[in-house]
Number of protein chains: 2
Amino acid sequence: MARTVSERADILPLLGEVFREHGFEGASLAHITARTGLGKGSLYHFFPGGKEEMAAAVLAEIDLWFETNVFAPLRAQEDGAAAIRDMLGRVDAYFRSGRRVCLVGVFALSEVRDRFCGQVLSYFARWREALADALRRTGRAPDTAGEDAEDAVLAIQGALVLARALDDPAVFTRTLARLERRLLGMAALHAAQQ
Amino acid sequence: MARTVSERADILPLLGEVFREHGFEGASLAHITARTGLGKGSLYHFFPGGKEEMAAAVLAEIDLWFETNVFAPLRAQEDGAAAIRDMLGRVDAYFRSGRRVCLVGVFALSEVRDRFCGQVLSYFARWREALADALRRTGRAPDTAGEDAEDAVLAIQGALVLARALDDPAVFTRTLARLERRLLGMAALHAAQQ
DNA sequence: TCAATAATGTACTGAATGGTACAAAAGAGG
DNA sequence: CCTCTTTTGTACCATTCAGTACATTATTGA
């Protein structure tokens, strides 16, 4: 009585959705088995540490995705402005234009933050620093780049909160557009549009 | 066997803290009785509807506080710039300079949002509109006031997320200062400082 | 002083929780 | 076809969950 098809990596995205929707405490084993279609046997086979290990694995996967697709390009791409524009595009895609919530942000707000302290802190700190790097490459003054980066990262998180609260994903889209103007300036924006 | 001292209103702030820290799902009756010092008897005497009624009452209290101390002054105060400065001050005090989290924001992110849909939506919508009103009174173009207000409200929420994620309340303080500059302009800021 | 009422703690309920044990089943390799 | 390992479902565990019942205690007001 087994399908033997599932890979641990295959179910991580599903687990992510459950944690996103219900939070850590609200994500019961019942929810998880329902969403993944896997029984407890399989679940505890892949994640002997239970819910905690599942959440940690999901966080690690998210971390890897952002490191690869967002942070690293932000640091490496020569053209800072292009790097930032790419970031905004990938962020828009990842968060489904405001219809999807940030799991790291959700965890940060509740008391489970302390359980995944390092991962939560590092995610946002690296995002901020990578963006500040790119910002400096656009010629921005080094002492303002840090605060501007922080402002952008926090605006993305806030936009996700507000978009969901108002049930209006356009809040998120508007915010990304505003961020592009604010980070790259009107001139750069116009240059990019033509 | 009763102290008969407690008023329903007295325990709302305590309930609020429990929901803030653990979220709706994570706020177990055990946590609640521990924090409030009240047994289940008293709790269900005050809130026959259980956890759901407790959360609704807390939301109503928060709503009233913000309506009285933030939204109404924002709408009524003649001097728009002064109104906005007052708002930032009260928000800083309410969120303990970034050490406290926004319960409405926490609820908005999880799936309990749908249960308190109206209260969550109205809270943010009224905040945005009241701030846009005040912004227009400072002479800002009516068509940009709405988006600027939205940007400010969402920055506050994002700053709370980031402050807690990075365990650095200064993120919140910095954001409020930036907001004051952004909303009132450098000139108005300098005028206010002398 | 003495009911009537409001407030409270305790003991309890059935259901759901996270987690374990284990045997059945499937796949891989020969 | 046969064995060995990996997966998987099911039955089960102790614990905790939200919520109820109720007796006991304060308070109130006459």
| All side-chain contact (heavy atoms from CB on, under 4.5 Å) counterparts of B/P73, not counting sequence neighbours | B/Q77, B/R90
| field | 5' precedence on DNA chain C between B/G39 and A/G49 (nearest-nucleotide basis) | value | B/G39
| request: Grab the CG-P distance between B/L38 and C/dT10 for me, whole Å please. | output: 12 Å
| request: With a 4.0 Å heavy-atom cut-off, tell me which residues in residues 19-31 of chain B come close to DNA chain C, sorted by residue number. | output: none
| Expressed in angstrom and rounded to an integer, what is the separation of A/K51 atom NZ from C/dA16 atom P? | 16 Å
| task | Could you state the atom-to-atom distance from CZ of B/R115 to P of D/dA18 in whole Å? | result | 11 Å
| Spacing between A/Y44 atom OH and D/dT6 atom P, to the nearest angstrom | 21 Å
| query | Can you find a side chain N or O atom of B/H45 that sits less than 4.0 Å from OP1 or OP2 on C/dT8? | reply | no
| task | Could you list the residues that satisfy side-chain contact (heavy atoms from CB on, under 4.5 Å) with B/E111, not counting sequence neighbours? | result | A/H22, B/E25
| message | Going by side-chain hydrogen bond (donor to acceptor under 3.5 Å, both in side chains), name the residues that satisfy it together with A/R100, two or more places apart in sequence or in a different chain. | response | A/E17
| query | Looking only at N and O atoms, is any donor in the side chain of A/K40 or the base of D/dG9 less than 3.5 Å from an acceptor on the other one? | reply | no
| said: Just the rounded figure in Å: distance from P of D/dC17 to CD of B/E52. | reply: 18 Å
| task | Starting at atom CG of A/L43, determine the distance to atom P of D/dT8, rounded to an integer number of angstrom. | result | 10 Å
| field | Salt-bridge contact B/R126-B/D63 (side-chain N to carboxylate O under 4.0 Å) | value | yes
| Quick one: side chain to side chain donor-acceptor pair (under 3.5 Å) pairs with a partner in residues 157-175 of chain B, sequence neighbours left out? | A/E150-B/R174
| Taking CD1 from B/I32 and P from D/dG19, how many angstroms apart are they, rounded to a whole number? | 9 Å
| field | With sequence neighbours excluded, residues passing side-chain hydrogen bond (donor to acceptor under 3.5 Å, both in side chains) with A/R96 | value | none
